[in-house]
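When reading the values below, keep in mind they use all heavy atoms of this one structure, side chains included, and skip hydrogens, waters and symmetry mates.
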Amino acid sequence: MPADGRCGPGRLVKLFAHLLAGIAAVSTASAVAAAPGVASASVRILRPIAVTKTADLAFGKVLPATSAATVTIKQDGTRLCGSPLRCYGTPSAGRFHIVGSNGQIVCITLATPRVTLRDSAAHTMTANLSLSTATLALSGGSADFAIAGALTITANQAEGAYAGTYVVAVDYP
Amino acid sequence: MTAGMFWGKIMILLSKKTIGAVAAILATAIVSPAYAASGNGTASVKILRAITVTKSSDLYFGKILPSASAATVAVAESGARTCGAGLGCYDTATSGGFHVVGTTGEVVSVSLDSATATLSDGASHSMTVNLATSTTALTLTGGAGDFKVAGTLNVGASQADGTYTGQYSVSVNYQ
């Protein structure tokens with residue numbers, strides 16, 4: 001649960017509360033319909049959120065060793081190559097671009113914090129993913145966030161090109 | 001059936017319908033809020049095979065008859081030999097050759113660990129060789145590749161006769 005309390009599982013409960021309050025308001029409205037008065041009604045129309053991947057999470061090329069070790073990609077895209085592994089190629093953090101209503105806060109969740117990478121011959125590895133932020137303000141109507149990852153390379157990991165898909169969800173609180 | 005019972009039944013039906021409608025609204029709101037979005041990303045890594053390098057041929061300058069002045073013998077990557085003025089060259093020369101095995105399609109860097117090597121006859125006589133390779137990067141098509149090493153041997157004036165040998169090393173690495 002983020003510090004601001006606006007994102008996370010708790011918001012479903014809030015949604016219930018809002019709906020129930022709305023139902024209650026409708027059902028009691030008729031009781032005061034005859035009385036004169038002034039009231040204001042407001043609504044904030046939100047723009048649907050669009051999420052676009054701008055970069056894949058790339059661990060690069062790794063020469064495995066006789067002992068297991070971890071390759072870490074930080075949110076800025078830099079790589080930490082665990083000893084005694086050797087790393088080559090160009091690493092990259094995962095990156096996404098969000099477009100939505102200007103000034104709104106959005107909540108970001110990683111639907112798959114653990115992703116399995118597979119090659120074409122049923123060999124697998126597991127990467128643990130993490131978000132650069134769980135909440136983001138859409139300044140100017142858009143914002144970007146990054147995905148970092150830690151990949152455990154087992155001893156003598158089989159040669160091959162491994163890939164796996166992960167899902168991020170972005171929502172208004 | 002009385003009128004009261006009739007109205008009672010209507011009331012029950014309306015209530016059931018209302019509950020159903022509220023349940024539907026809640027379900028819609030929770031399962032798929034229309035304003036949310038998700039994105040897919042790919043995580044990838046390429047696991048490489050350890051490189052092996054095998055010498056396929058030695059750099060061999062052949063047999064040389066020295067002269068009263070210093071001169072050079074050059075062996076090109078093709079194996080062609082250029083015998084310096086005044087020298088006599090015999091036997092068939094060969095360039096150095098290496099066979100590299102690694103991950104298919106990868107480009108590896110190739111370098112000589114030292115640009116020179118010293119040949120000795122074991123009796124404190126020596127000559128130096130300048131080494132060179134035109135290969136700086138090698139694509140492992142089909143998981144393998146080959147490269148050659150050329151050399152230029154500096155034969156001293158009246159170089160002592162004998163069999164001279166020396167070693168050199170190359171480095172091959174992923175990039």
Side-chain angles (χ1 to χ4, degrees), chain A residues 12 15-16 18-20 23 46-53 55-65 71 73 86 88-89 94-101 106-107 109 111 115 117 119 123 125 127 129 147 149 151 153 157-172, chain B residues 11 14-53 100-111 113 136-145 170-175:
Chain A
L12 279 184
L15 197 57
F16 270 115
H18 284 311
L19 279 169
L20 291 174
I23 291 163
L46 297 173
R47 183 177 173 183
I49 296 169
V51 180
T52 310
K53 180 191 70 183
D56 277 323
L57 174 60
F59 290 92
K61 301 170 184 176
V62 179
L63 186 62
V71 177
I73 306 293
R86 296 295 183 90
Y88 307 92
R95 294 197 68 81
F96 290 87
H97 183 65
I98 306 171
V99 175
S101 289
V106 292
C107 304
T109 51
V115 59
L117 279 61
D119 69 354
H123 300 119
M125 279 183 282
L129 309 180
I147 305 284
L151 176 67
I153 312 280
Q157 181 72 43
E159 177 190 20
Y162 292 74
T165 301
Y166 62 91
V167 179
V168 294
V170 182
D171 202 351
Y172 293 112
Chain B
M11 289 299 288
L14 281 172
S15 297
K16 278 184 180 171
K17 275 191 176 177
T18 306
I19 291 164
V22 170
I25 290 164
L26 289 174
T28 305
I30 293 161
V31 172
S32 59
Y35 45 73
S38 66
N40 287 2
T42 300
S44 65
V45 67
K46 186 170 190 179
I47 298 295
L48 302 172
R49 180 193 307 192
I51 295 171
T52 60
V53 181
V100 181
V101 174
T103 295
T104 298
E106 284 299 309
V107 177
V108 294
S109 62
V110 172
S111 63
D113 291 346
T136 54
L138 187 63
T139 302
L140 301 182
T141 307
V170 296
S171 289
V172 178
N173 210 345
Y174 291 112
Q175 48 190 353

Is chain B contacted by the side chain of [X], its backbone, both, or neither, given a heavy-atom distance below 4.5 Å?
X	value
A:V115	side chain
A:I98	neither
A:A158	backbone
A:A127	neither

How far does [atom1] of [X] sit from [atom2] of [Y], to the nearest 0.5 angstrom?
X	Y	atom1	atom2	answer
A:E159	B:E106	CD	CD	9.0 Å
A:K61	B:Y174	NZ	OH	9.5 Å
A:L63	B:T103	CG	OG1	8.0 Å

Taking [options] one by one, which has the highest count of heavy-atom pairs under 4.5 Å against chain B?
options	result
A:A65, A:G60, A:A58	A:G60
A:A163, A:P64, A:A161, A:G160	A:G160
A:G164, A:A169, A:S101	A:G164
A:V168, A:T165, A:L117, A:V167	A:V168

For this session: With sequence neighbours excluded, tell me which residues meet side-chain hydrogen bond (donor to acceptor under 3.5 Å, both in side chains) with A:Y166.
Result: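 Residues passing side-chain hydrogen bond (donor to acceptor under 3.5 Å, both in side chains) with A:Y166: none at all.
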Problem set entry | residues 40-50 of chain B: residues contacting chain A (heavy atom under 4.5 Å, by number) |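 Interface residues of residues 40-50 of chain B: B:N40, B:G41, B:T42, B:A43, B:S44, B:V45, B:K46, B:I47, B:L48, B:R49, B:A50.
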